[in-house]
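Reviewing the structure listed below.
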Protein chains: 2
Amino acid sequence: MTAEVRPASPPLTERQEARRRRILHASARLAGRGGFDAVQMREVAEAAGVALGTLYRYFPSKIHLLVATMQDQLDHLHAALRKRPPAGETASERVAETLMRAFRALQREPHLADAMVRALTFADRSVSPEVETVSRRTTAIILDAMGLEQPTPAQLSAVRVIEHTWHSVLITWVSGRASITQVKTDIETACRLIDLTAP
Amino acid sequence: MTAEVRPASPPLTERQEARRRRILHASARLAGRGGFDAVQMREVAEAAGVALGTLYRYFPSKIHLLVATMQDQLDHLHAALRKRPPAGETASERVAETLMRAFRALQREPHLADAMVRALTFADRSVSPEVETVSRRTTAIILDAMGLEQPTPAQLSAVRVIEHTWHSVLITWVSGRASITQVKTDIETACRLIDLTAP
DNA sequence: CGCTAATCTAGAACAAGTTACAGACTTGAT
DNA sequence: ATCAAGTCTGTAACTTGTTCTAGATTAGCG
């Protein structure tokens with residue numbers, strides 16, 4: 001019920017690392033079909049070839065599991081983005097371009113997006129550290145796109161608002177309440193804040 | 001599993017209206033204690049003096065119930081805001097002031113806020129109409145604060161981003177990942193977008 | 001190798017959201 | 001006032017996330 005103290009996790013053995021991978025893989029695969037609801041802990045455990053208790057030892061809840069899945073996907077995305085950086089003239093264009101590229105990646109797996117986004121926003125305090133990690137990685141991606149050495153406090157505020165918009169627009173998109181054009185407009189609108197802070 | 005077609009709901013008898021009120025009241029009271037988890041359907045039914053099946057006839061899921069609870073609270077808020085409109089000079093100041101007032105109202109009942117915000121963002125497609133209603137009311141509150149007759153498309157975009165920021169910052173606040181000062185800063189930053197669209 | 005602690009497995013058990021159903025009660029129209 | 005249709009009640013069952021337990025396996029160490 002309350003958050004656990006997380007002592008710096010001991011290094012995993014090879015077989016444990018493999019188990020962890022299998023679990024995350026199974027999670028992503030099931031999510032890729034029916035979304036959040038299709039990720040059922042018993043099925044994940046079976047697909048990963050581990051006992052239910054073991055699954056819970058690795059990921060203390062379904063939300064933890066899905067947030068970890070998201071961390072994983074974000075890593076892939078960040079790597080892909082580094083390979084081909086955005087080409088826009090201004091910082092705000094580059095950020096918007098980057099986020100739209102991320103969005104198109106999500107569009108390719110809408111069910112997976114559903115599972116990850118719902119888990120991320122439903123997460124309670126016990127998952128805060130993991131959600132923070134996701135947030136930091138997102139921030140890093142945006143700052144990368146801006147291409148700044150030392151962002152000013154005003155710029156960091158703008159980035160925060162852009163991130164809020166990003167998360168919330170994803171929610172409305174996965175729940176079918178926003179069209180793809182709407183997503184694009186909202187992201188671009190939020191990105192204008194960057195121009196406001198660097199004239 | 002899939003969304004139902006909702007035929008324009010027939011008018012409720014007096015006793016039915018009373019039942020509905022009792023249910024919403026019980027929901028808000030339980031939420032006011034332990035938040036989302038404390039709103040347990042069996043307990044709501046018992047506290048409202050209706051059978052479990054009846055509760056589900058009025059609100060087809062826990063999420064529907066909590067979103068309806070939010071609609072209810074928003075109405076109260078909107079009424080209170082109309083009585084004492086925001087006093088700021090510029091539109092963006094007035095919007096920021098209004099949202100901060102709403103935020104202070106939520107702070108007074110943090111558990112209730114938790115329940116409503118979590119439900120709102122976890123809602124899937126089957127709850128879209130109800131969530132849309134909440135969104136429209138929020139938009140109305142913001143437009144009221146701006147005090148405009150005919151908002152331009154650009155201004156409507158800005159309002160959308162402000163709303164995204166509002167929802168997302170609430171999520172981070174209820175999950176303990178953002179301080180109250182952070183909330184204030186983020187709201188004010190988003191509101192700057194309004195100035196950008198009306199020079 | 002042989003021991004000990006940690007980990008893993010299989011499966012039962014529990015909790016809360018949701019559904020199903022039989023019988024009692026209301027409502028509205030005649 | 002009576003009847004049919006719709007609603008409500010009480011209760012059990014079902015589903016899926018989560019916890020627990022007893023015994024098998026594994027890892028690390030002397």
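The chains referred to below are lettered A, B, ... by the order of the sequence lines, with proteins before strands, and numbering in each begins at 1.
With no hydrogens or angles considered, no side-chain donor-acceptor pair links B:T185 and A:S157 at under 3.5 Å. Checking A:T165 against B:H164 by side-chain atom types alone, no donor-acceptor pair falls below 3.5 Å. A:T13 and A:R15 are not linked by any side-chain donor-acceptor pair at a separation below 3.5 angstrom, with hydrogens and angles left out of the test.
In the set D:dT9, D:dG17, C:dG17, the nucleotide with an atom closest to the side chain of B:A51 is D:dT9. Each of C:dT7, C:dG17, C:dA10 was ranked by its minimum atom distance to the side chain of A:R57; first place goes to C:dT7. Closest to the A:L52 side chain, of the nucleotides D:dT16, D:dT18, C:dG17, is D:dT18. Among D:dT18, D:dA13, C:dT19, the nucleotide with an atom closest to any side-chain atom of B:Y56 is C:dT19. Picking from C:dG17, C:dG28, D:dA27 the nucleotide with the shortest atom distance to the side chain of B:T13 gives C:dG28. Proximity note for B:T54 (side chain, C-beta onward) versus D:dT9, D:dG17, D:dA27: the nearest is D:dT9. Closest to the side chain of A:Q40, out of C:dT9, D:dT16, C:dT26, is D:dT16. Here D:dT18 is the nucleotide among C:dT26, D:dT18, C:dT18 with the atom lying nearest to any side-chain atom of A:K62.
At the heavy-atom level, B:V39 lies under 4.0 Å from the strands shown only through sugar-phosphate atoms. If you check every strand for non-hydrogen atoms under 4.0 Å, A:R42 touches a base.
The interatomic distance linking A:I23 (CD1) with C:dT7 (P) rounds to 14 Å, in whole Å. Atom P of nucleotide D:dC8 and atom CZ of B:R22 are separated by 11 Å, given to the nearest angstrom. Per the geometry, CE belonging to B:M41 stands 16 Å off C1' belonging to D:dT9, to the nearest Å. Following rounding to the nearest Å, A:L55 (CG) and D:dG17 (P) show an atom-to-atom distance of 10 Å. Whole-Å rounding puts the B:H64 NE2 to C:dT18 P distance at 10 Å. Between the C1' atom of C:dA15 and the CD atom of B:E43 lies a distance of 12 Å, rounded to the nearest Å. Distance, B:E46 CD to D:dT11 C1': 14 Å, rounded to whole Å. B:F36 has its CZ atom 13 Å from the P atom of C:dA16, to the nearest Å.
Note on B:Y58: a side-chain N or O is less than 4.0 Å away from OP1 or OP2 of D:dC8. A sub-4.0 Å separation between OP1 or OP2 of D:dC8 and a side-chain N or O of B:R19 is present. Of the side-chain N and O atoms in B:Q16, none sit less than 4.0 angstrom from OP1 or OP2 of C:dT27.
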- Message: Working note: A:F36 + A:F122, criterion ring-ring contact (aromatic ring centres under 6.0 Å, His included); need CA distance, chi angles, decisive distance, verdict.
- Response: CA-CA 11 Å; A:F36 187 88; A:F122 191 61; 7.4 Å; no

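B:R125 places no side-chain N or O within donor-acceptor distance of the main-chain N or O of A:S175, the cut-off being under 3.5 Å.
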